[in-house]
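Notes follow the structure.
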Number of protein chains: 2
Amino acid sequence: MSNKQALKQYDIKKYRTPDGYTSDICVFTISSEKNEAYKPPTMDLKIMLIKRAGVDSEGNMNIEANKWAIPGGFVQDDETGFQAAKRELEEETNISGIHIKHFGVYDKPGRDPRGWIISNAHYAIVPDTYLSLRKAQDDAADIELFSINDVLDLDLAFDHKQIIEDAIQVITNDLLQTTVAKNFLPEYFTYSELQAVLKTVTNDPAILSDQSFSRKIKSLPFIQEVQGKTTTRTSKRATKLYTFIEMDVIKPIYTARY
Amino acid sequence: MSNKQALKQYDIKKYRTPDGYTSDICVFTISSEKNEAYKPPTMDLKIMLIKRAGVDSEGNMNIEANKWAIPGGFVQDDETGFQAAKRELEEETNISGIHIKHFGVYDKPGRDPRGWIISNAHYAIVPDTYLSLRKAQDDAADIELFSINDVLDLDLAFDHKQIIEDAIQVITNDLLQTTVAKNFLPEYFTYSELQAVLKTVTNDPAILSDQSFSRKIKSLPFIQEVQGKTTTRTSKRATKLYTFIEMDVIKPIYTARY
DNA sequence: CAAATAGTGTCTTTGAGACAGTATTGA
DNA sequence: TCAATACTGTCTCAAAGACACTATTTG
C-alpha cells in the first residue's frame, strides 16, 4: 500500500493536465409576466443566455458561432471557481450579494473542441429589474431571457443543453426543499407572491390553492408574519406581509405526510 | 458585447492552466456495531481513510506524511472526474455498481502545496462486508474506518477536513431527503434496519420511536411491503420485510407537516 | 355595486403521537 | 417462564382539504 501511494505521487508528472478551467453560470430570474396594479403577479422562471459571436477578434469563424450559451469565463489562478463565478456575474450585472450556488462539474472529454476544458456550473438568482437594466444599457442584441419551458428547444453551444437541464432540475428541487425562494422575493412578501414563485416549478394542489396556501404559510416555522405591516400591491384589500426566518430546514421524507 | 466575447476566447492562451485534476472519494459504510442473533442492529456511520506514507518511492520525505486522507487519484484525459472516481473506487474495493455521487469541487489556491490542483469530491456508499474483506487481504496498517463522530479530530491531510465535513453534511441531508438509504440496506429489510440507518444521522423523535416508525413505514409511497416474506434476523418473532420502490421523491417543505 | 383579492368559519377526514396491550419465540 | 422484539387497538389532538362565507377596496 505504501508503494501504491508513493507511485501515485510519482505519477503526477505522467498525467496530462487540463487545458482550461472555467466557471459558467446559469442566471435565473423570475419576471412578472403581468404586473398590473392590485393583482398578484403571474411569474415565469427564466434563464439568461448570451449569443456567441459569429467571428472572433481576428476575423476568423468562431467556434459554436451564433449559438446561445450560458455566460462564463476562465478561472484565474488566484481564485476559486466559485469566486470566479461571482466575479463574472458581478461584471455582467453590476450587482453584488447575489445568491449563487455551485451544482456540478462538466468535464466530459470532447465537450469543448478547443481542448480539455473543465467547467464548473453554478446557478444564480437575480432580480429581473437588474437584468432589464443591463439589457437596456448594452448593445442588447446578443443577450436574452428565455422561459425554462422554451430554452431547451434552442440551438445551444457545447454541452450547455445538458447543463441547463441539470440547472433547472436543481433549482426546482431547491425552490421546493430549501428556503432559496426568498432570493426571488422582496424582504417582506405576501402569500400570493411566494405562491407565484413556487408555481413556476410545481403543480402541487396544496400550493396551487389560495385558501390552503394562505392558511399554511402561517404555520411554517421558517416564515414569520410581519406584524402591523401590509401592502396593497397585490390586491385592493390590504394584504399581510411575511418574511423568511434564517434557519436550516431539513424535513425528512420519512416524517412528512403523504 | 461581440467584442467582449471574442476577447474572452483570445484570452484562452493568457490564463494559466491547472497543474492537476483529481477525484477524491469519501467512502462511507455503516457497520453494525452489535450484530447479535435476533437483535435489531446498532449502526454507526463510518468513513474509510488511508494513511499517507512517510517517504515517497525515492526515499524522500512525503508531503503531508503520516496524515490520514481520503482516497483519490488523478483523472485521465479520456475520462470524466466521475468515471475516475468510480474507477479508483473499484480498484480499491474490487466491487462495481457502487452508489457514488459528486458533491463538490475543492480548488482553493494553495490547498495542495504541489501546485494548482483541483479536486472533485464524491461520496460513495459501500457495504461494510466489502471493506472488511479489503482490509483483510491487504497490508491493513494504513487503511482504517472512523466513525463520523471521531474523524474530525484526526490529523487530516490537505483540506480533507473541510471535504469530510461537507461530505457528512451532504450524506446526512441525502439520507433524510432522498431514498439513498437503500444503498446501506439489503434489498428486503425490516423497519428496524431502516430505522437504524436513519438513527446514525438524526434524532427526530418520529424516527426514534419504534411504534411510530413501524406504523409510518407502511404509508410511505416509496416503500412497499414485501408480501409473504419475513425474517427472524432482528427478532425471534418473524418480522415483515419492505423494499424501496424506484421513484423520485420531492416533498416540498411548504406542504410538509411541522 | 360589481369584481377581484384576501382572507375566516366550520365541517369532515386523516394522520401523528402517546399509551397500553397483544403476539411470537428462543433461551 | 422471561425477556426481547414486533407489532395492534384505541384515544386525543392537530392539521389537511373542501366548501361556503365574510372583508376590503377601487373603478
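Proteins get letters first, then strands, A, B, ... in listed order; numbering begins at 1 in each.
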Give, for atom [atom1] of [X] and atom [atom2] of [Y], the distance between the pair rounded to the nearest 0.5 Å.
X: A:K101; Y: A:F82; atom1: NZ; atom2: CZ; answer: 10.5 Å
X: B:C26; Y: B:L49; atom1: SG; atom2: CG; answer: 8.0 Å
X: A:D150; Y: A:I148; atom1: CG; atom2: CD1; answer: 9.5 Å
X: B:M48; Y: B:E144; atom1: CE; atom2: CD; answer: 11.0 Å

Atom-to-atom span, [atom1] of [X] to [atom2] of [N] - whole angstrom:
X: A:L220; N: D:dA14; atom1: CG; atom2: P; value: 18 Å
X: A:F213; N: D:dA16; atom1: CZ; atom2: C1'; value: 15 Å
X: B:D210; N: D:dT8; atom1: CG; atom2: P; value: 14 Å
X: A:I207; N: D:dG17; atom1: CD1; atom2: P; value: 11 Å
X: A:K39; N: D:dT26; atom1: NZ; atom2: P; value: 15 Å
X: A:L208; N: D:dG17; atom1: CG; atom2: C1'; value: 14 Å
X: B:F189; N: D:dT5; atom1: CZ; atom2: P; value: 20 Å

- Task: Among the candidates C:dA6, D:dT5, C:dA16, find the nucleotide nearest to the side-chain atoms of B:S235.
- Result: D:dT5
- Taking only the side-chain heavy atoms of A:R257 (C-beta and beyond), determine which of D:dA15, C:dT14, D:dC7 contains the nearest atom. C:dT14
- Query: Which residue, B:I168, B:L175, B:V126, forms the side-chain contact (heavy atoms from CB on, under 4.5 Å) with B:F28?
  - Reply: B:I168
- No-hydrogen, no-angle side-chain donor-acceptor test under 3.5 Å, A:D174 and A:Y123: yes
- For A:D166 and A:Y106, does a side-chain donor sit closer than 3.5 Å to a side-chain acceptor? yes
For [N], does either OP1 or OP2 sit under 4.0 Å from a side-chain N or O belonging to [X]?
X: B:K240; N: D:dT8; result: yes
X: A:K216; N: D:dA16; result: yes
X: A:K218; N: C:dT8; result: yes

- Message: Let's see if you get this right: which residues in residues 191-198 of chain B place a heavy atom under 4.0 Å from DNA chain D?
- Response: B:Y191, B:S192
- Query: What string of B, S and - do you get for nucleotides 17-27 of chain C, 5' to 3', if B is base contact, S is sugar-phosphate-only contact and - is no contact with any protein heavy atom under 4.0 Å?
  - Reply: SB-B--BBBB-
- Sequence-distant partners of B:R215, side chain to side chain contact (heavy atoms under 4.5 Å, CB included), two or more places apart: none
- Task: Answer yes or no: is there a side-chain heavy-atom contact under 4.5 Å between A:I250 and B:Q177?
- Result: yes
- Message: Which is more 5' along DNA chain D, the nucleotide nearest B:T190 or the one nearest B:A256? Just name the residue.
- Response: B:T190
